[in-house]
Amino acid sequence: MSATCLEIRNLSAVLANGQRVLRSVSLAVEPGEVRALVGESGAGKTMIGKAVLGVLPLSVRIVEGDMLLEGENLGRLSPKARRTLIGTRTALIPQDPLTALNPSRRIGPQMTDRLVRILGWNGERADQRIRQLLEEVQIRDPDRVLKSYPHELSGGMRQRVLIAAAFAAEPRLIVADEPTTALDVTVQKQILRLIAQLQREHGTAILFVTHDLGVVAKISQKVSVLYAGKVVEEAETAALFAAPQHPYTRALMAATPRYTDPLASLKPVDEAVLAGLAAEIAAADRAWRPRHG
Amino acid sequence: MLLQRFLIRLLTMAITLFGVAVVVFVVIRVAPGDPIAMMLPPGATDADIARLRALYGLDKTIVQQFFIWLSGVVRGDFGTSISLRQDVLGLVFNRLPATLELAIVALLMAVAIGGTAAILGARERGTAVEAGIDIASGTALSIPDFLWGLVLILLFGVLVPVFDISGRVSPQLDLPFVTQFYLFESVLRLRFDLTWDLLKHMLMPAVALALPLAAIIAQLLKQSLKEVLDLDYVVLARVKGFSETQVILREALKNAALPTLTLVGVQFTFLIGGTVIVERLFSYEGLGNMAIDAVINRDLPLIQGIVLVFALLFVLINLTVDMMYALLNPRLRHG
Ligand SMILES: Nc1ncnc2c1ncn2[C@@H]1O[C@H](COP(=O)(O)OP(=O)(O)OP(=O)(O)O)[C@@H](O)[C@H]1O
Ligand SMILES: [Mg+2]
């Protein structure tokens with residue numbers, strides 16, 4: 001049994017005004033496993049992903065907790081060592097493929113630059129690797145795509161390119177931040193299937209951020225439910241759907257029509273549940289003192 | 001399509017130059033001051049004055065004068081300087097290289113200083129380094145180029161005299177040059193002793209011209225960089241493992257440079273305008289310095305020639321900026 005791929009222990013983060021955005025978050029991703037991170041908009045899903053990848057906005061500060069990537073404590077590394085470790089062991093599949101590619105650089109160099117400049121591969125090997133991955137994401141004319149500028153490709157094509165680039169360096173962990181929300185509904189399914197397929201074939205662990213329980217059910221083995229920067233429930237995905245424990249999880253499921261009556265209109269999460277959670281969190285915040293920082 | 005755009009461009013350039021020529025021609029003729037009166041010794045008779053006026057064609061109406069001048073210009077004849085009694089075109093081309101060298105060195109300095117400050121400020125955003133850069137660029141910007149010239153003369157010409165503050169080159173030197181592009185030619189001839197002497201003379205006027213532009217570049221480019229540095233593709237590059245400096249140079253700079261580039265084009269024409277007074281301050285033998293003499297002497301043909309050459313420079317600069325803009329922006333290139 002190898003080391004846990006990603007372990008987050010007690011992670012808390014605050015904004016410049018002292019407001020907490022992450023509240024003692026703990027979660028683990030085992031090698032080759034897909035862990036979904038689900039919650040409503042503003043719950044802090046993206047923040048957790050950015051914290052792991054070391055790209056939090058300047059206005060957000062980590063005040064407590066540890067993050068371990070394959071047993072290496074990221075907080076104990078020098079900035080340069082951390083950057084290199086993250087660059088070699090992780091990758092990001094971003095939310096919006098329209099803004100995640102540099103408009104003034106061709107696709108080819110954008111896909112190979114990490115392989116060549118961070119991992120030190122020679123150009124030919126990187127090129128072969130990228131072409132292999134483009135085939136895996138079912139891009140049929142790699143020559144054209146590699147020579148294109150981003151604006152010459154459709155959203156779905158760009159997301160395929162970004163997925164191929166993410167898997168190219170054989171990362172141990174991929175953070176996928178709502179990788180389908182910005183796409184057309186028809187393309188969403190294809191992209192999701194593609195990520196699931198590549199994940200299986202490459203055995204890559206994924207921290208999969210989504211607000212869609214349907215996606216959680218399709219892709220993940222484990223799931224953490226997040227509310228206001230706090231993990232309110234975590235479980236094996238099958239177990240969670242079979243028997244949700246926390247009232248918020250139940251409310252979230254009730255609000256998602258597919259799991260109850262597919263014809264029912266989308267209901268907001270139950271007010272009483274939210275009020276209870278808010279009170280719980282307010283009490284926790286009053287009691288909370290960061291242990292260090 | 002491309003050819004059509006180019007031809008339209010050429011046409012607008014020609015119209016612009018024609019407009020400039022008309023305006024200058026009229027303004028310097030209705031402005032007070034008589035070139036002939038300034039040439040003649042006191043006590044000259046009315047007959048003398050009339051004879052000279054006729055000699056320079058000043059007895060005709062402004063419209064007639066303009067078309068006589070224009071038909072000359074079309075044939076490459078810009079007339080004869082009244083005060084220097086030489087061919088205007090020859091005079092202008094003799095001085096233009098000195099001004100071009102000064103302006104280009106100043107521009108390069110401004111880009112180097114301003115660009116470095118912008119990149120450093122963006123990399124160290126939110127820190128004391130950025131605050132320092134803001135203060136420095138604010139100061140540089142609030143003082144115009146000719147005042148910087150005076151400050152530099154006081155500092156390095158009078159208090160700590162390390163640089164030459166007068167002329168283009170040390171007068172005792174033997175110059176082997178065949179063109180007027182002294183700096184350029186000295187490098188080509190590998191006469192670096194002369195290059196050094198020329199640079200020492202050029203440094204202070206160039207710094208005076210460069211400082212305000214450097215400050216503008218520092219402020220605008222830093223702002224654009226900071227905006228780009230929050231974009232998704234920059235975040236992705238950081239995740240790939242690139243350092244902040246690499247991220248700025250490889251991902252952000254090109255996309256952030258477009259607004260700055262446009263502004264630098266406009267500001268470069270102001271910088272060239274600034275050479276007029278700065279050359280005067282440092283007794284630098286360029287076109288600007290000659291322009292002031294021409295105005296003082298009401299030397300109409302010479303003023304017209306100089307202004308037209310400046311105007312031509314300005315439209316060429318604008319053309320270059322547009323072309324560079326298209327080159328940097330793939331959407332325009334393929335659109
Ligand atoms: N750059 C930022 N500076 C300060 N606060 C931010 C910033 N970005 C997000 N926040 C705040 O942090 C909290 C968590 O945001 P986050 O983006 O992680 O939510 P999310 O769960 O990813 O939501 P979504 O589903 O909308 O993407 C929110 O309250 C948000 O307002
Ligand atoms: Mg998000």
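Here is the naming used below: chain letters follow the sequence lines, and residue numbers restart at 1 for every chain.
- The aromatic rings of Tyr149(A) and His151(A) sit parallel to each other, their planes meeting at less than 30°, with 60° as the upper class boundary.
- Side-chain contact check for Leu319(B) versus Met13(B): some heavy-atom pair is nearer than 4.5 Å.
- When each of Arg238(B), Gln246(B), Arg250(B) is checked for heavy-atom pairs under 4.5 Å with chain A, Arg250(B) comes out on top.
- At a 4.5 Å heavy-atom cutoff, Thr84(A) makes no contact with chain B through either its backbone or its side chain.
- Looking at Leu85(A), there are no atoms closer than 4.5 Å to chain B (heavy atoms on both sides), in backbone or side chain.
- Nearest approach of Ala237(B) to Val247(B), heavy atoms of both residues: CB-CG2, 4.1 Å.
- Contacts from residues 227-236 of chain B to chain A, taken as heavy-atom pairs separated by less than 4.5 Å, involve Asp232(B), Tyr233(B), Val235(B), Leu236(B) in sequence order.
- Residues Leu115(A) and Asp127(A) fail the side-chain proximity criterion, which asks for heavy atoms closer than 4.5 Å.
- Atom CZ of Arg172(A) has 12 or fewer neighbouring heavy atoms from other residues, nucleotides or ligands inside a 6.0 Å radius.
- At a threshold of 4.5 Å between non-hydrogen side-chain atoms, the residues Leu313(B) and Leu100(B) count as touching.
- Heavy-atom distances place the backbone of Leu101(A), and not its side chain, under 4.5 Å from chain B.
- Side-chain contact between Val264(B) and Thr260(B) is present, with heavy atoms from C-beta onward closer than 4.5 Å.
- For chain B, the nearby parts of Ile86(A) are the backbone and the side chain; heavy atoms of each come within less than 4.5 Å.
- Between Arg105(A) and Glu251(B) a salt bridge is recorded (basic side-chain N to carboxylate O distance below 4.0 Å).
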